[in-house]
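The figures here come from the full heavy-atom set of this structure, side chains too, leaving out hydrogens, waters and symmetry mates.
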Amino acid sequence: MLKKGSKLYSILTGTCPRCQKESMYVDQNLLHITNCIKMNENCSHCGLKYQIEPSFFYGAMYVSYGLNVVIGIVAFIVASVVFKMKLNWAFVSIIASLVVLFPIVMRFSRSIYINIFVSYEANFKK
């Protein structure tokens, strides 16, 4: 399931969706907030241009919205059911989880979005 050549592998590792040999991101460390979503222009192995068209990753905002809704629902359920928090504190936990997970959500949303349009090609020649 998580083997090279699958879309899930490319999404979770942040690698090029066509060759899956190089990371799409300049900095691998998510803790470097200023560089967490900076991407390379092209893949050095297969030459795929990541920004397929101008403003391509604006569509990733829709994916990000969906991921944030899921995170908010999970945070609310965990806070109110598991920890038995009051409603106000459950909403505070939602906001805190969204702020903390922001860099991860941004990377995953971009990776998911580009993997919708670009497929893996094992024998692709530059």
Side-chain angles (χ1 to χ4, degrees):
M1 184 169 165
L2 187 59
K3 60 182 183 195
K4 195 168 188 176
S6 69
K7 292 206 179 271
L8 188 60
Y9 176 83
S10 176
I11 290 168
L12 293 178
T13 59
T15 55
C16 172
R18 185 187 290 159
C19 69
Q20 296 182 355
K21 293 182 180 176
E22 178 184 67
S23 176
M24 294 189 297
Y25 301 97
V26 174
D27 192 357
Q28 299 300 317
N29 192 347
L30 284 170
L31 297 177
H32 298 149
I33 301 298
T34 57
N35 293 330
C36 73
I37 60 172
K38 287 187 180 175
M39 298 180 72
N40 295 318
E41 291 288 324
N42 299 327
C43 176
S44 64
H45 293 281
C46 68
L48 175 68
K49 184 178 180 185
Y50 296 129
Q51 185 121 5
I52 297 171
E53 59 186 31
S55 304
F56 174 71
F57 286 109
Y58 282 148
M61 289 188 304
Y62 297 105
V63 177
S64 174
Y65 175 76
L67 291 175
N68 282 321
V69 167
V70 169
I71 290 170
I73 291 171
V74 169
F76 180 77
I77 290 171
V78 168
S80 60
V81 174
V82 175
F83 294 114
K84 309 266 190 250
M85 291 181 176
K86 292 184 180 180
L87 190 60
N88 294 343
W89 287 106
F91 283 116
V92 169
S93 70
I94 291 171
I95 293 169
S97 63
L98 292 177
V99 168
V100 168
L101 295 175
F102 169 74
I104 296 170
V105 170
M106 287 302 296
R107 278 200 179 188
F108 276 136
S109 63
R110 284 184 174 203
S111 294
I112 290 169
Y113 192 69
I114 196 167
N115 273 283
I116 292 171
F117 298 101
V118 180
S119 297
Y120 176 72
E121 298 176 31
N123 299 323
F124 184 81
K125 300 291 183 205
K126 194 173 181 180

Notebook entry, point to check: Is the CD atom of Gln28 crowded by more than 12 outside heavy atoms at less than 6.0 Å?
Noted result: yes
The reported gap from CD in Glu22 to OG1 in Thr15 (rounded to nearest 0.5 angstrom) is 9.5 Å
Contacts under 3.5 angstrom, residues 100-109 side chains, donor-acceptor by atom type, not counting sequence neighbours:
from	atom 1	to	atom 2	distance (Å)
Arg107	NE	Cys36	O	2.7
Arg107	NH2	Asp27	O	2.2
Arg107	NH2	Cys36	O	3.1
Ser109	OG	Val105	O	3.0
Ser109	OG	Met106	O	2.9

Applying side chain to side chain donor-acceptor pair (under 3.5 Å) to Asn35 and not counting sequence neighbours gives Lys38
On a heavy-atom basis, the closest approach of Gly5 and Gln20 is N-OE1, 2.6 Å
N/O donor-acceptor pairs under 3.5 Å from side chains in residues 86-93, not counting sequence neighbours:
from	atom 1	to	atom 2	distance (Å)
Ser93	OG	Ala90	O	2.5

- Cluster link Leu30 to Met39, ILVMFWY, side chain under 4.5 Å: yes
Query raised in the report: Is the shortest heavy-atom distance from the side chain of Arg18 to the side chain of Ser10 under 4.5 Å?
Result: no
* Asked: Cluster question for you: counting only ILVMFWY and a side-chain heavy-atom cut-off of under 4.5 Å, with indirect links fine, are Ile73 and Ile95 together?
  -> no
Residue set satisfying side chain to side chain contact (heavy atoms under 4.5 Å, CB included) with Ser119, at least two apart, ordered chain then number -> Lys7
Interatomic distance, SG@Cys19 vs CD@Glu121, rounded to 0.5 Å, equals 10.0 Å
Cluster check Ile114, Tyr9: I/L/V/M/F/W/Y, side chain < 4.5 angstrom
yes
Pairs of donor and acceptor atoms involving the side chains of residues 46-66, under 3.5 Å and at least two apart or interchain, shall be tabulated with distances.
from	atom 1	to	atom 2	distance (Å)
Ser64	OG	Asn68	ND2	3.4

Is the side chain of Asn40 donor-acceptor paired with the backbone N or O of Ser23 at a distance under 3.5 Å, no angle test?
yes
Distance-only criterion, 3.5 Å: show the donor-acceptor pairs between side-chain atoms of residues 74-85 and protein atoms not counting sequence neighbours.
from	atom 1	to	atom 2	distance (Å)
Ser80	OG	Phe76	O	2.7
Lys84	NZ	Val81	O	3.2

Closest non-hydrogen atoms of Tyr120 and Lys4, given as atom of the first, atom of the second and distance, are OH-CG, 4.4 Å
